[in-house]
Amino acid sequence: MSTTTAVAPLTVHDAEVLLTAARRAAETAGVTVSVTVLDAGGHLLAFRRDDRAVLISGETSTRKAYTALQLNTPTADLVDAVQPGGLFHTLPTALDRPLLFIAGGVPVHRDGRLIGAVGVGGGAPEQDHGFATAAVEALA
């Protein structure tokens, strides 16, 4: 019989820490963003769209988080994989919920296990990635 150590799931409090840290990083850079936090099952735990952010940034942040969660990899590391000849060239359209291979989605781990993901949309992809990474670092 094998034993496994339980890992605490991503809580609403954790989600608020992630959301607040990403938003603060964006505000410091003068960027208006939307931030989405998903738990390990892909359920929405927290979402915030700045009133000045473009409307599509909300869908973008959610799809970035979903992509990072499903592939357990920052979306910034996957951009080349969907180019013609890339590893995931046909994957973005093969699922019920399309994945989004643009920087800004980062998985969240606790004790080496995937517990959720954060996605940021509204800035340049590299900025969004930095904001999402800052959020994950704030939770650590």
Side-chain angles (χ1 to χ4, degrees):
M1 179 159 96
S2 68
T3 60
T4 48
T5 304
V7 174
L10 192 65
T11 65
V12 172
H13 172 70
D14 294 334
E16 289 296 328
V17 169
L18 290 164
L19 189 143
T20 300
R23 184 176 52 83
R24 283 189 182 147
E27 285 176 353
T28 299
V31 179
T32 57
V33 297
S34 293
V35 181
T36 301
V37 179
L38 304 175
D39 70 8
H43 304 103
L44 182 66
L45 284 182
F47 174 79
R48 181 180 187 278
R49 184 182 66 81
D50 187 292
D51 290 339
R52 297 166 293 149
V54 293
L55 291 175
I56 193 67
S57 67
E59 176 65 18
T60 302
S61 68
T62 301
R63 288 178 55 195
K64 288 178 181 182
Y66 182 76
T67 302
L69 180 69
Q70 292 302 307
L71 299 176
N72 193 14
T73 303
T75 56
D77 296 346
L78 299 168
V79 175
D80 291 337
V82 294
Q83 301 303 320
L87 186 60
F88 300 128
H89 179 61
T90 60
L91 186 60
T93 57
L95 303 170
D96 291 335
R97 185 180 209 179
L99 302 178
L100 189 59
F101 292 86
I102 299 173
V106 177
V108 180
H109 296 92
R110 181 173 286 141
D111 298 327
R113 295 193 184 153
L114 180 65
I115 60 168
V118 60
V120 179
E126 298 77 20
Q127 289 176 306
D128 291 345
H129 177 73
F131 305 148
T133 300
V136 172
E137 290 171 354
L139 188 62

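What you see is a predicted model, and the numbers here were worked out from it, not measured in a lab. Reckoned from all heavy atoms, side chains included, excluding hydrogens, waters and symmetry mates.
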Minimum heavy-atom separation for A65 and G119, please, with both atom names. CB-N, 3.5 Å

When you compare the side chains of T36 and T62, does any donor N or O come within less than 3.5 Å of an acceptor on the partner? yes

For the residue pair L139 and L10, establish whether any side-chain heavy-atom pair is separated by less than 4.5 Å. yes

To the nearest 0.5 Å, what is the distance between CG (L114) and CG (N72)? 4.5 Å

Side-chain (D14) to main-chain (T11) donor-acceptor, under 3.5 angstrom: yes

Please enumerate all residues that pass side chain to side chain donor-acceptor pair (under 3.5 Å) together with H13, with sequence neighbours excluded. none

Identify the two heavy atoms, one from A138 and one from V17, that lie closest to each other, and give their separation to 0.1 Å. O-CG1, 4.2 Å

One should read off an interatomic distance between L78 CG and L71 CG, to the nearest 0.5 angstrom, of 5.5 Å

Do R23 side-chain atoms and V33 backbone N/O form a donor-acceptor pair below 3.5 Å? no

Between CD1 on residue I115 and CG on residue D39, distance to nearest 0.5 Å: 9.5 Å

Between S61 and S34, the two heavy atoms sitting closest are CB-O, 3.4 Å

Do side-chain atoms of T75 reach the backbone of G104 as a donor and acceptor pair under 3.5 angstrom? yes

Measuring from L18:CG to F131:CZ, what's the distance to the nearest 0.5 Å? 15.5 Å

Note: A21 and A135 closest approach over all heavy atoms is CB-CA, 3.7 Å

For P9 and R110 the tightest heavy-atom approach is O-NH1, 2.9 Å

Min side-chain heavy-atom separation K64-V120 under 4.5 Å: no

Looking at every heavy atom in both A25 and A134, which two are closest together, and how far apart are they? CB-CB, 4.1 Å

